[in-house]
Amino acid sequence: MKQVHIQYHKTKISEFIIGSFEGKLCLLDFRYRKMRTTVDKRINKGLNTEFIEQSDEIIEKTKIQLAEYLKGDRQEFDIPLLLVGSEFQKSVWQALMNVPYGTTSTYLQLAKNIHNEKAVRAVAGANGANAISIIIPCHRIIGSDGELVGYGGGLPVKKRLLNLEQNTTDGISGMLTLDL
């Protein structure tokens, strides 16, 4: 059986599970999120693989770029990605990657961006199923009322990521001041 290489990686904001398959990143997710089993099963089933703890070049490159991001030194990632999910989920994840660093968007706007305005709930579900956090920036999605809403890493982590990006860009327009 084919294998997804995985490593657990602690950072100042959370512990991640990082996974690669055939030279592409397929997993950068919060180790202890509620949907951990669901996400892992989707990846293993979708790729017909199993997880094995082993590092590789993609995992090490991801660790470096993640550290640079968390220090405020990186705004874009250049790691090859492998998105594992339905075509609808992939369309949402692609749209997420178009939300600029230091800004936020809403589920409604994402639904409009994929030309499916009535699919707000489905967009929210796809956002929550994202297995490549930070790089596919689901943390940049907030409620239509400006409130912070669900995040796999927890709302305190979401707030920290948004504040990091806001501080790095000196408050690019579109970013909201968030009080939790």
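For reference, positions follow the sequence shown, starting with 1. Every heavy atom of this structure was used, including side-chain atoms; hydrogens, water molecules and symmetry mates were not. All figures in this text were calculated on a predicted structure; none of them were measured in a lab.
Contact check for I58 versus I18: no side-chain heavy atoms found under the 4.5 Å cut-off. With contacts defined as side-chain heavy-atom distances shorter than 4.5 Å, the pair T104/I141 does not qualify. Using a 4.5 Å heavy-atom threshold, the side chains of K61 and L25 count as separate. Looking only at side-chain heavy atoms (C-beta outward), D29 and F16 stay at 4.5 Å or farther from each other. L96 is not listed as a side-chain neighbour of R140, based on a closest heavy-atom distance of 4.5 Å or more. Under the 4.5 Å side-chain criterion, counting only non-hydrogen atoms from C-beta, L108 is in contact with E117. Two residues are said to be in side-chain contact when any heavy atoms from C-beta on lie closer than 4.5 Å; Y151 and C138 meet this criterion.
When the salt bridge (Lys or Arg N to Asp or Glu O under 4.0 Å) test is applied to E87, the partners found at least two apart in sequence or on another chain are K90. With sequence neighbours excluded, the residues that form a salt bridge (Lys or Arg N to Asp or Glu O under 4.0 Å) with R31 are E15. Shown here are the salt bridge (Lys or Arg N to Asp or Glu O under 4.0 Å) partners of K2, two or more places apart in sequence or in another chain: E22. Not counting sequence neighbours, the partners of D56 by the side chain to side chain donor-acceptor pair (under 3.5 Å) test are H5, S20. Applying the side chain to side chain donor-acceptor pair (under 3.5 Å) criterion to S55, with sequence neighbours excluded, gives E60. Remark: Q94 engages L83, M97 in a side-chain contact (heavy atoms from CB on, under 4.5 Å) (not counting sequence neighbours). Residues satisfying the side-chain contact (heavy atoms from CB on, under 4.5 Å) criterion with A122, sequence neighbours excluded, are F88, A119. Annotation: side chain to side chain donor-acceptor pair (under 3.5 Å) contacts of T62 (sequence neighbours excluded): none. Taking T49 as the reference, N44 meet the side chain to side chain donor-acceptor pair (under 3.5 Å) condition, with sequence neighbours excluded. Not counting sequence neighbours, R42 has no partner by the salt bridge (Lys or Arg N to Asp or Glu O under 4.0 Å) test. Residues passing the ring pair (Phe, Tyr, Trp, His ring centres under 6.0 Å) test with Y69 are F77, sequence neighbours excluded.
Between the CG atom of L155 and the NE2 atom of H139 there is a distance of 13.5 Å, given to the nearest 0.5 Å. Atom CG of L66 is separated from atom CD1 of I59 by 13.0 Å, given to the nearest 0.5 angstrom. Rounding to the nearest 0.5 Å gives a distance of 12.0 Å between OG of S133 and NZ of K158. Taking NZ of K159 as the reference point, atom CD of Q166 lies at 10.5 Å (rounded to 0.5 Å). Note that NZ of K63 is 4.5 Å distant from CD of Q7, once rounded to the nearest 0.5 Å. Going from atom CG of N116 over to atom CG of L110 covers 11.5 Å, rounded to the nearest 0.5 Å.
Not one N or O on the side chain of N127 forms a donor-acceptor pair closer than 3.5 Å with the backbone of V123. No donor-acceptor pair closer than 3.5 Å links the side chain of N130 to the backbone N or O of W93.
The minimum heavy-atom distance linking D145 with E147 is given by the pair OD1-N, 3.0 Å.
Crowding of E57 atom CD: a count of heavy atoms from other residues, nucleotides or ligands under 6.0 Å not exceeding 12.
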Check step by step if side-chain contact (heavy atoms from CB on, under 4.5 Å) holds for V157 and F30. CA-CA 10 Å; V157 170; F30 298 94; 3.9 Å; yes
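Side-chain heavy-atom separations under 4.5 angstrom define the hydrophobic clusters, and the remaining members of the one that includes M35 are V4, I6, Y8, I17, F21, L27, V39, I43, L47, F51, L82, V84.
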